[in-house]
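As the structure lists them, so they are numbered: ligands from 1, and atoms in each ligand from 1. Here the structure is a predicted model, which means the values were calculated and not measured. By convention here, the first residue in the shown sequence is residue 1.
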Amino acid sequence: MLDVARIRRDFPILQQEVNGHPVAYLDSGASAQSPRQVLEAVRRYYETSHANVHRGVHTLGERATEAYEGARARVAGFIGAGDARGLIFTRGTTEALNLVAYAYGLRRLKPGDAVVTTIMEHHSNLVPWQQIARLTGARLRFIPLRPDGTLDLSDLDRLLQGARVVTLTLASNVLGTINPVAEIARQAHAQGAIVVVDGAQGVPHLKLDVGEWDIDFLAFSGHKLLGPTGIGALWGKPELLEGMDPFQFGGSMIGRVGLHDSTWAEIPARFEAGTPNIAGAVGLAAAVDYLESVGMEAIRSHEEELVDYAWRRLGEIPGLSLHGPRRPRASLISFGLDDLHPHDVATALDSQGIAVRAGHHCAQPLMEWLGCPATSRASFYLYNTLDEVDRLARALIETKEFFRDAAI
Ligand code: PMP
């Protein structure tokens with residue numbers, strides 16, 4: 001059992017009122033809030049250790065390098081990666097997925113090769129592969145969905161024929177579906193394909209082990225796991241990364257530079273051109289420390305309780321439709337309310353201090369599958385409470401009544 005009251009005291013932003021109500025922050029799926037331990041780690045870094053990394057021979061440069069490389073080891077450990085050389089800091093999931101698409105896909109794919117993905121992907125795991133397919137002549141193939149929003153794997157063997165890359169999300173940011181990534185990885189490897197996982201919605205909530213799951217690449221974002229914005233990571237199997245050329249070019253990623261030609265640094269530096277987000281990495285490591293001090297399993301069971309309760313409470317509201325599978329599900333729920341526009345719903349909730357997201361959630365092909373242009377989405381994290389779910393349910397009923405009365 002989490003001591004949520006104590007946890008909430010660590011989050012300064014949750015202590016305020018929004019529109020005259022205590023804020024109920026139900027939008028962690030977009031960006032989670034940071035505890036003061038993260039904010040303090042970033043501040044401490046700037047106050048005591050800031051300088052550029054890897055280059056300075058002076059003391060502050062060494063401290064900054066130590067902080068940055070220490071953060072790499074810490075974040076690698078969080079996802080079960082024994083060898084921290086496989087952990088490349090990026091701006092976030094989007095940049096990490098583009099890195100794989102360009103540094104691996106563009107160089108390896110040939111006309112006729114298949115990239116297998118799903119129709120529930122966030123645009124950041126779809127659009128880069130569309131571009132690579134266009135540039136290489138490879139084709140995209142899509143794993144379809146069953147009516148409940150889980151993957152229909154009945155035809156996977158056929159879809160995997162000729163596949164070089166299988167890329168999919170661990171958890172859908174709209175449906176909440178948690179995909180059987182390890183099982184898909186087994187089948188994909190049997191066909192000779194590598195497996196890329198978008199962990200943006202999964203890594204913050206599920207204890208995972210890249211070694212045990214035997215995936216090849218994992219992308220995730222710091223700002224969804226209590227860390228700062230502008231920092232995230234791509235983890236890749238070191239033996240794959242070692243065989244890859246860089247994605248971006250410039251300082252820090254070179255071996256030797258001549259006027260007409262250059263050689264590359266070893267991994268991970270090869271994939272980190274330019275001055276990295278050092279403070280962001282320090283903040284991300286502090287976020288990982290915080291999550292582990294609370295305990296990922298305890299966080300997961302708390303979220304399961306919240307999401308289960310929310311599913312029940314929201315499901316009782318006439319005219320409210322819930323999207324995605326009942327269980328297991330990630331810590332979020334997408335819904336529609338009568339024929340109200342999700343933006344109107346989100347605005348009405350905001351007037352009561354309740355923050356939810358509304359829109360297509362960067363998943364337009366999935367919206368088409370759902371048959372609606374947008375949904376509202378409530379997403380939960382370790383600091384949310386059952387009381388906030390009750391407030392959400394009550395506010396939705398009031399919103400419904402308000403719009404009904406306004407229509408008379
Ligand atoms: N994939 C999924 C499933 C997401 O939910 C998100 C963020 N909404 C992303 C990728 C992109 O993450 P970022 O914007 O941090 O790069």
Side-chain angles (χ1 to χ4, degrees), residues 25-34 75 79 88-102 117-131 142-143 145 149-151 166-179 181 184 195-206 208 215 217-235 247-248 277 280-281 283-284 287 303 307 323-324 329-334 342 346 355-367 369-370 374-381:
Y25 189 72
L26 305 181
D27 196 20
S28 298
S31 270
Q33 300 298 351
S34 292
V75 176
I79 54 165
I88 296 157
F89 283 120
T90 63
R91 277 197 299 128
T93 306
T94 303
E95 190 178 59
L97 291 167
N98 273 273
L99 197 166
V100 184
Y102 281 86
T117 184
T118 81
I119 67 166
M120 67 167 78
E121 298 309 309
H122 188 280
H123 295 163
S124 67
N125 197 29
L126 173 61
V127 183
W129 295 108
Q130 289 173 348
Q131 299 310 303
F142 296 93
I143 303 175
L145 300 186
T150 56
L151 292 179
V166 174
T167 183
L168 81 164
T169 191
L170 171 52
S172 161
N173 63 321
V174 177
L175 300 169
T177 315
I178 297 174
N179 291 322
V181 161
I184 292 170
V195 177
V196 182
V197 175
D198 171 353
Q201 296 292 341
V203 173
H205 305 280
L206 307 165
L208 71 89
I215 57 180
F217 293 101
L218 174 71
F220 55 100
S221 299
H223 67 97
K224 293 187 202 282
L225 56 84
L226 312 182
T229 52
I231 187 76
L234 175 72
W235 173 83
F247 166 48
Q248 290 177 333
N277 183 353
L284 177 53
E303 291 173 355
V307 92
H323 303 300
R329 60 167 32 250
S331 310
L332 59 90
I333 294 189
S334 284
V356 300
R357 184 139 295 242
H360 57 57
H361 311 291
C362 300
Q364 286 181 5
L366 179 60
M367 290 295 133
W369 180 84
L370 282 172
T375 72
S376 303
R377 183 188 74 185
S379 52
F380 308 99
Y381 216 168

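- In terms of protein heavy atoms, atom 4 (C) of ligand 1 is closest to His122 CD2, 3.3 Å.
- Under the 3.5 Å distance criterion, the side-chain polar atoms of Thr167 are left unmatched by any main-chain donor or acceptor of Thr117.
- Within the model, atoms CE of Met367 and NE2 of His323 stand 7.5 Å from one another, a figure rounded to the nearest 0.5 Å.
- From the protein, the heavy atom lying nearest to atom 14 (O) of ligand 1 is Thr94 OG1, 3.8 Å.
- The structure places CZ of Phe217 at 7.5 Å from CD1 of Ile88, a figure rounded to the nearest 0.5 Å.
- Looking at heavy atoms from C-beta onward, Leu225 lies in side-chain contact with Val203 at the 4.5 angstrom threshold.
- Of all the atoms in ligand 1, the ones that sit under 4.0 Å from a non-hydrogen atom of Ala200 are 1 (N), 2 (C), 4 (C), 6 (C), 9 (C), 10 (C).
- If you check which protein heavy atom lies closest to atom 7 (C) of ligand 1, you get Lys224 NZ, 2.6 Å.
- With hydrogens and angles disregarded, no donor-acceptor distance shorter than 3.5 Å links the side chain of Lys224 to the backbone of Ser28.
- Although no hydrogens or angles enter the test, the distance criterion places no donor-acceptor pair under 3.5 Å between the side chain of Thr177 and the main chain of Asn179.
- Near Gln201, the atoms of ligand 1 lying under 4.0 angstrom from a non-hydrogen atom of the residue are 3 (C), 4 (C), 5 (O).
- Under 4.0 angstrom from ligand 1, the non-hydrogen atoms of Asp198 all belong to its side chain.
- Within the 4.0 Å heavy-atom criterion, neither part of Arg91 lies near ligand 1.
- In this structure, OG1 in Thr169 is found 8.0 Å from CE in Met120, a value given to the nearest 0.5 Å.
- The ligand atoms of ligand 1 that sit less than 4.0 angstrom from a heavy atom of Ser221 are 12 (O), 13 (P), 15 (O), 16 (O).
- Within ligand 1, counting atoms from 1 as listed, the ones closer than 4.0 Å to a heavy atom of Ser124 are 1 (N), 9 (C), 10 (C), 11 (C).
- Only side-chain heavy atoms of His223 come within less than 4.0 Å of ligand 1; its backbone N, CA, C and O stay farther off.
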